[in-house]
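Inspection log for the structure reproduced underneath, given as structure tokens.
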There are 2 protein chains.
Amino acid sequence: MGRGKFELKRIENSSNRQVTYSKRKNGILKKAKEISILCDSQVSLILSGESGKIHEYISPSTTLIDVLDRYQRATGKTLWNAEHESLSNEIDRIKKENENMEIELRYLKGENITSLNFKELMALETAL
Amino acid sequence: MGRGKFELKRIENSSNRQVTYSKRKNGILKKAKEISILCDSQVSLILSGESGKIHEYISPSTTLIDVLDRYQRATGKTLWNAEHESLSNEIDRIKKENENMEIELRYLKGENITSLNFKELMALETAL
DNA sequence: CCGCCTATATATAATAA
DNA sequence: TTTATTATATATAGGCG
């Protein structure tokens, strides 16, 4: 559609990518609504773009939990346990990041700045 | 599309409804794939028709778990239970701490040290 | 980012097999 | 239910404000 044919690959131009996302997001959300109403089907559509903002369509006749329940039964995958594990892993990962930053902060706050490179040191001196 | 305009309401003829579901299902799955690739976005699409069979598209860069996790954090809706909620809250809290530390680190690395208190500044000068 | 516009590319309703 | 055809309705890329 549109003025030119498109290739199915990531749009490199960031601005075009954003615009296309926004337009297609509206399009697919509309399609989701249409199929759920026309065909009396349950739909769960969750989108998130680079901004991190979430957009969703869940068919009114159901809830996301219903859809996921059906999903779990149909695929045999148990989401809850996996979810729990995934969250625990993320906490571990973030905590580690946290510790590293704390160490870096302690150094930077004057006890030890040997980790800074020359340019950073000059900038620091100027600022002081 | 198609030979006639359509009204956005349930298709009463069961056979037409099935056919339309099948066609539009393919269409929307294709759209989901396209937006995820073109725009580098995370997508979770789960469909179930009257037969009960499930069709899904989850963007390759992510997992359903990730999408749901983001969904829950963004919407504030808890999909599973209290334990999930407490883990999720902890992640939010730690991430906030991380952000604060990142900001502090950026400042300390020379661009801006006005946020430091007197004692910290003295320590920094001595170190320099 | 949102809305509007236009030329084109796609999706799909109706139909038949 | 799937596949093919084809006339039309939609979706949307690119451009502009």
Side-chain angles (χ1 to χ4, degrees), chain A residues 1-62 67 70-71 73-76, chain B residues 1-62 67 70-71 73-77 99:
Chain A
M1 318 141 207
R3 298 299 179 83
K5 207 162 188 168
F6 67 89
E7 279 187 282
L8 189 52
K9 62 171 203 171
R10 180 188 146 100
I11 296 169
E12 292 305 335
N13 181 290
S14 161
S15 164
N16 287 349
R17 194 167 61 245
Q18 287 286 0
V19 172
T20 295
Y21 175 71
S22 176
K23 288 180 173 181
R24 280 174 173 265
K25 166 177 63 62
N26 292 333
I28 198 172
L29 286 171
K30 186 179 173 192
K31 291 286 188 191
K33 181 175 183 176
E34 287 175 355
I35 195 175
S36 77
I37 294 178
L38 289 171
C39 309
D40 207 14
S41 67
Q42 342 303 135
V43 178
S44 148
L45 172 62
I46 302 174
L47 293 164
S48 82
E50 290 174 326
S51 73
K53 186 163 180 179
I54 293 235
H55 301 274
E56 54 164 324
Y57 176 78
I58 312 288
S59 42
S61 56
T62 189
V67 175
R70 249 195 309 285
Y71 177 87
R73 262 177 284 123
T75 63
Chain B
M1 323 140 204
R3 301 299 180 81
K5 206 162 190 168
F6 67 88
E7 278 188 283
L8 189 52
K9 62 171 203 174
R10 181 187 144 103
I11 296 169
E12 292 305 335
N13 181 292
S14 163
S15 163
N16 286 348
R17 192 168 63 246
Q18 288 288 359
V19 171
T20 295
Y21 174 72
S22 176
K23 288 178 173 180
R24 281 176 172 263
K25 166 176 64 61
N26 292 332
I28 197 171
L29 287 170
K30 185 178 174 194
K31 291 286 185 188
K33 181 174 182 177
E34 287 174 355
I35 195 174
S36 79
I37 294 178
L38 288 172
C39 308
D40 208 14
S41 67
Q42 324 334 113
V43 178
S44 149
L45 172 62
I46 303 174
L47 293 164
S48 82
E50 291 174 326
S51 73
K53 187 164 181 178
I54 290 234
H55 300 274
E56 56 167 321
Y57 176 79
I58 313 287
S59 42
S61 56
T62 190
V67 174
R70 251 195 309 286
Y71 173 86
R73 221 87 54 59
T75 62
K77 293 178 190 168
E99 275 169 30

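Lettering of chains follows the sequences in order, A, B, ..., and the numbering in each one begins at 1. FYI, side chains are in, hydrogens and waters are out, and symmetry mates aren't considered; it's all heavy atoms of this structure.
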For the student: nearest non-hydrogen atoms of A:R17 and B:C39, plus distance: CG-CA, 3.5 Å
Looking only at heavy atoms, which two atoms of A:I35 and B:K25 are closest? And how far apart? CD1-N, 3.6 Å
How close or far is atom C1' of D:dA11 from atom CG of A:L29, stated in whole angstroms? 14 Å
Closest to the side chain of B:K31, out of D:dG14, C:dA11, D:dT10, is C:dA11
Does a nitrogen or oxygen in the side chain of B:K5 sit under 4.0 Å from OP1 or OP2 of D:dT8? no
Between CD1 of B:I28 and C1' of D:dT12 the distance, given in whole Å, is 16 Å
Can a side chain N or O of A:S22 be found less than 4.0 Å away from OP1 or OP2 on C:dC2? yes
Grab the two heavy atoms, one from B:G49 and one from A:S41, that are nearest each other, plus how far apart they are. CA-CB, 4.0 Å
Take B:N16 and B:E34, find for each the nucleotide of DNA chain C with the closest heavy atom, and name the residue whose nucleotide sits nearer the 5' end. B:E34
Minimum heavy-atom distance A:R70-A:T62, with the two atoms named: NH2-OG1, 3.8 Å
How close or far is atom P of D:dT10 from atom NZ of B:K30, stated in whole angstroms? 18 Å
Does A:K23 make a side-chain donor-acceptor contact with the base of C:dG3, cut-off 3.5 Å? no
Can you tell me the distance, in whole Å, between the CD atom of B:E7 and the P atom of C:dA13? 14 Å
To the nearest angstrom, the CD1-P distance between B:I11 and C:dA13 comes to 7 Å
Length of the CZ-C1' vector between B:R24 and C:dA11, whole Å: 8 Å
Rounded to whole Å, the CD-C1' distance (B:E50 to D:dT1) equals 14 Å
Between B:S48 and B:Y21, what is the shortest heavy-atom contact and its length? C-OH, 3.5 Å
Which comes earlier along DNA chain D counting from the 5' end, the contact point of A:G2 or that of B:S15, where each point is its nearest nucleotide? B:S15
Map B:G4 and A:N26 onto DNA chain C by nearest heavy atom, then report which one ends up closer to the 5' terminus. A:N26
Take the protein atom NZ of A:K33 and the nucleotide atom P of D:dA11, then report the distance between them rounded to whole Å. 13 Å
May I ask you to verify if any side-chain N or O of A:R3 is less than 4.0 angstrom from the OP1 or OP2 atom of C:dC5? no
